[in-house]
Visitor: 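Got a structure for you, written out below as structure tokens; questions coming shortly.
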Amino acid sequence: MNQLLSGSNQEENIVAVYPSSDRSMRVYTRKTNGITSQEVEFYPFFFLSSSKFLKDFPKKHWIKELNGNNYYRYLCAFSSWLEMWDAIRYVMMRYNENASTKADSYSELPIIHVRTDPVAQFLKQSGRTLFKGMKFDDLHRMQINIKTHTKHGFNLSNPHRAEDRIGIIALSDNRGWEFVINGKGLSEKEMLIELIQIIKQKDYDVIEGHNIYNFTLPYLLTRCEMFEIDFAIGRDDSVPHPFDKRLSYTERSLDYSSFEISGRHIIDTFQILQTYDASKRSLENYSLNHAAQHFGFAKKDRAYIQPDRINRYLDDEPETLIQCCLDDNHEICQLSEFLSPNIFYMTQMLPFNFGTVARLGASAKIESLLLREYIRQKHSIPKPDISSQTLGGYTDIFYTGILGPIVDADVESLYPSIMLSEKISPYTETLGIFQPLLDELTKMRINAKRKMETVPDPHEKRKHDAIQSAFKTLINSFYGYLGYNRALFNDSKAADQIVRNGHKILKQIITTITDLGGEVIEVDTDRVFFTPPQNINNEPEEKKFLKKIKKHLQPAITLLINGRYQKMLSYKKKNYALLGYDSKVKIKGASLISRNMERFGREFIQGCIEGLLQDDIGKVHEQYAKYNKLIFNRQLMLSDFARTEYLRESSDEYNKAVETGTRNRAASYEVAIKSNIPWKPGDKVSYYFTGDDPNIKGFENCKLADEWDSNFPDENIQYYLKRLDEFAKKFEEFFSENDFHAIFSVDDLFVFSPKGIKILTTRIKSEIKEVIEEKYESIHVEPKILLDDESE
DNA sequence: GGACTCCGTATACC
DNA sequence: ACGGGTATACGGAGTCC
């Protein structure tokens with residue numbers, strides 16, 4: 001493999017790298033007869049804009065002047081981690097002598113660039129990576145899952161509470177071994193000692209759990225402290241070290257505590273599941289059992305035990321609970337086998353530990369590849385450019401209503417293809433490695449994909465699929481990196497150029513489809529929904545049609561069928577529903593399926609959409625009548641009308657923002673405050689609305705879901721009836737005024753009849769060109785681009 | 001007091 | 001320690017008549 005991608009050091013079978021002192025790293029290698037380790041010197045370093053800031057620094061250090069004219073022109077190295085931090089403080093002091101605004105921490109120092117992960121530093125400077133020459137299955141992985149006693153009257157088990165305790169520790173591994181440490185015959189202290197012995201003796205590379213960071217590990221550590229045992233499960237007999245709580249940004253943000261175990265890796269399936277779903281968005285929640293069912297590896301005959309019944313099972317039916325735990329372990333193992341290989345194969349390329357690759361964002365990964373090569377070639381590096389990207393993907397809608405048949409086509413790797421064909425790279429990237437990196441990754445991916453398709457062995461197939469998807473993850477990060485305001489090699493003009501090309505290609509596709517007799521319904525970035533010309537009515541014909549379109553596009557651009565459907569309900573941009581040939585309905589978009597919509601609203605909308613797609617207007621009316629009645633008669637369950645929202649801000653941030661008037665009060669936060677529920681960002685809260693006026697102020701009339709009492713229901717019926725009408729309003733544009741009122745009403749005088757009711761289809765736009773020109777004008781692009789567009 | 005606008009937040013799409 | 005822009009919905013607060 002190309003050294004740009006894999007680093008310059010080809011050492012194989014490294015399973016872990018951890019600091020063994022403040023001046024050395026321990027490199028753990030798997031040999032046929034077990035793990036060996038080796039101590040390697042390590043020189044911590046940072047980049048500096050001018051050597052004057054380190055002038056007269058008293059401790060031993062090296063300053064290397066780098067090639068080229070980029071901003072960070074000096075590489076400063078030290079013989080220990082502590083001395084590097086001394087140097088950082090020294091630089092800060094020197095900087096503050098003349099600075100108008102003083103820096104309080106290294107992160108505020110514009111003149112220094114430092115990554116404070118010692119393992120990443122070591123891997124970058126040595127060119128090593130983990131796992132070279134290994135397959136995912138070579139890793140020795142253990143799954144752990146504990147069940148705990150909770151003091152009577154409490155919902156959550158708390159390791160700090162003496163009356164709570166660990167009841168069961170279930171263990172398993174990827175070699176088929178299973179073991180249960182049962183609290184029935186053992187004291188909790190004995191259980192913990194046995195656990196430590198097993199981990200040491202079996203010497204696992206990876207420890208996996210669902211929510212292991214926020215529950216399992218902190219729980220075990222706290223109990224060990226209570227019994228004054230060292231939880232010494234590191235390969236060097238050290239205890240897990242917690243490190244600063246960090247925010248992980250997906251579309252949801254959450255706070256989590258992290259731990260490191262020397263010589264081993266921690267994989268939290270809860271966390272990698274969320275990362276996975278950030279792009280796929282197919283999961284309703286992130287519980288282990290839901291994920292296992294969703295992906296289809298839950299055992300058919302297994303039992304599930306609700307958290308509030310664990311105490312009872314621990315006391316009365318431990319065998320049932322134990323089987324349940326082992327089934328959970330099996331699901332953790334499967335979930336990891338589904339999601340981790342992608343991370344594993346990226347770790348073969350990137351200068352990070354396994355767990356770090358799982359945690360880091362796309363941008364940090366690309367940047368690490370660039371920096372590793374800049375360090376190797378002793379070349380200066382730029383600082384981030386402050387200008388920002390001005391353009392984004394092209395979205396448009398041409399019809400609303402019910403349409404079909406539908407072809408859902410997307411451009412294969414739109415942005416990466418443009419970057420390669422236009423040879424786009426950051427203007428500060430003077431070594432010229434951005435293009436070769438992207439080019440090589442693309443070639444490697446095509447190779448892996450070909451192998452995936454041609455090897456007969458399903459095991460090998462899965463391996464090559466994981467490899468190609470690791471490449472894909474990296475390839476897709478290049479564009480985002482260019483527009484990221486804190487990336488060292490960012491280039492907003494380059495990002496805009498890519499997007500502009502994307503607009504142009506999409507426009508060509510739309511025009512071609514229309515010219516060839518198809519009708520485009522909706523477009524988003526690299527995806528087109530259209531109805532093909534009438535004579536085309538099966539998949540091979542549709543594929544042929546795509547090939548015909550391709551002839552009108554530049555050679556690098558390929559259109560693929562992403563899906564085909566009987567019908568589409570087109571509502572708004574990014575909001576639609578599809579009826580498959582298997583009669584399944586898929587609903588997309590925040591205004592149709594948002595998670596924070598009350599459940600009755602989601603189900604009502606879903607029922608209406610099904611009715612519309614099945615041409616069954618009677619069903620649509622039934623939905624309205626049904627929910628109207630359920631609400632009015634207080635027959636909805638709490639979970640049907642309660643709203644569940646994430647609290648993204650801390651209580652301090654929220655209160656401060658409200659006080660200073662920069663944000664409004666919101667029911668979710670007010671409920672938590674009123675009910676004295678402490679929260680951290682990322683926690684969820686469920687609540688409902690009270691009162692009898694439909695036009696309430698939400699934050700003054702809300703109650704915690706837990707406070708609702710079925711004997712004294714106090715949900716605001718008038719408000720929820722109004723909500724139902726608001727949901728119904730989404731369908732207004734599909735009917736004439738009279739029809740709409742007939743369908744969405746409960747008039748007992750007449751029996752509803754769908755006869756004569758028509759679903760309306762509306763053409764939104766007839767001209768494609770003017771929309772795009774308008775967009776270009778609004779960003780003041782020179783007329784040349786408009787002329788280019790006209791000529792095509 | 002309703003209709004309207006403005007704004008920040010939340011969620012989702014690619 | 002944190003990829004990007006685009007889009008819709010909603011609730012609260014202010015303004016106008």
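Residue numbers start from 1 in every chain, and the chains themselves are labelled A, B, ... in the order their sequence lines are given, proteins ahead of strands.
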Visitor: Check the distance between B:dT11's C1' and A:Gln274's CD and give it to me in whole angstrom.
Guide: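 Result: 15 Å.
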Visitor: Just checking A:Phe489 against A:Tyr374, ring centres under 6.0 Å apart?
Guide: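 Between A:Tyr374 and A:Phe489, which both carry aromatic rings, the centre distance is below 6.0 Å.
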Visitor: Grab the OH-P distance between A:Tyr479 and B:dC14 for me, whole Å please.
Guide: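 Spelled out: OH on A:Tyr479 to P on B:dC14 is 15 Å.
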Visitor: At under 4.0 Å between heavy atoms, what does A:Tyr654 touch on the DNA or RNA strands: base, sugar-phosphate, or nothing?
Guide: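 Contact class for A:Tyr654: none.
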Visitor: Kindly say whether the aromatic ring centers of A:Phe478 and A:Tyr415 come within a distance under 6.0 Å.
Guide: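 So the answer is no for these two rings.
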Visitor: Mind checking who C:dG3 pairs with, Watson-Crick or G-U wobble, both distances under 3.5 Å?
Guide: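 Partner of C:dG3: none.
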Visitor: Does the ring-ring contact (aromatic ring centres under 6.0 Å, His included) test come out yes or no for A:Tyr654 and A:Tyr669, once each step is laid out?
Guide: CA-CA 8 Å; A:Tyr654 173 77; A:Tyr669 291 92; 4.3 Å; yes
Visitor: Could you tell me how far apart A:Glu645 (CD) and B:dA12 (P) are, to the nearest whole angstrom?
Guide: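 After rounding, the reported distance stands at 11 Å.
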Visitor: So does A:Asp277 pair up with A:Arg595, basic N to acidic O under 4.0 Å?
Guide: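 Counted as a salt bridge, because a side-chain N and a carboxylate O are separated by less than 4.0 Å.
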Visitor: Under 30°, 30 to 60°, or over 60°: which ring-plane class applies to A:His265 and A:Phe354, parallel, tilted or perpendicular?
Guide: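 Rings of A:His265 and A:Phe354: perpendicular, as their planes differ by over 60°.
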Visitor: What is the nucleic acid contact for A:Ser107, judged by heavy atoms within less than 4.0 Å: base, sugar-phosphate only, or nothing?
Guide: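 No contact.
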Visitor: Select one nucleotide: of B:dT9, B:dC13, C:dA9, the one nearest the side-chain heavy atoms of A:Arg663.
Guide: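 My answer, after comparing the listed nucleotides, is B:dT9.
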Visitor: Can you tell me the distance, in whole Å, between the CZ atom of A:Arg595 and the C1' atom of B:dA10?
Guide: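 For the pair A:Arg595 CZ and B:dA10 C1', the rounded distance is 12 Å.
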Visitor: How many whole angstroms separate atom OH of A:Tyr415 from atom P of C:dG5?
Guide: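 Those two atoms, OH and P, are 11 Å apart.
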Visitor: Rounded to whole Å, how long is the line connecting atom CZ of A:Arg648 with atom P of C:dC10?
Guide: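 So the two atoms are 18 Å apart, to the nearest Å.
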Visitor: Taking the side chain of A:Asn575 as its heavy atoms from C-beta onward, which of C:dG5, B:dG8, C:dT8 lies nearest to it?
Guide: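 Nearest nucleotide to the side chain: C:dT8.
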Visitor: Does B:dA12 have OP1 or OP2 sitting under 4.0 Å from an N or O in the side chain of A:Lys573?
Guide: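 For B:dA12, neither OP1 nor OP2 has a side-chain N or O of A:Lys573 closer than 4.0 Å.
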Visitor: For A:Ala590 and A:Ala362, take the nucleotide of DNA chain C holding the closest heavy atom to each; which residue's nucleotide lies nearer the 5' end?
Guide: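 Residue closer to the 5' terminus by nearest nucleotide: A:Ala362.
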Visitor: Tell me what A:Ser477 touches on the nucleic acid: a base, only sugar-phosphate, or nothing, going by heavy atoms under 4.0 Å.
Guide: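 No contact at all - A:Ser477 keeps every heavy atom at 4.0 Å or more from the nucleic acid.
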Visitor: C:dG4 C1' sits how many Å from A:His503 NE2, rounded?
Guide: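 Interatomic distance, NE2 of A:His503 to C1' of C:dG4: 12 Å.
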Visitor: Need the pair for B:dT9. Rule: Watson-Crick or G-U wobble, both distances under 3.5 Å, any strand; none if unpaired.
Guide: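 Partner of B:dT9: C:dA9.
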Visitor: Take the protein atom NZ of A:Lys722 and the nucleotide atom P of C:dG11, then report the distance between them rounded to whole Å.
Guide: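 Checked: the NZ to P distance equals 7 Å.
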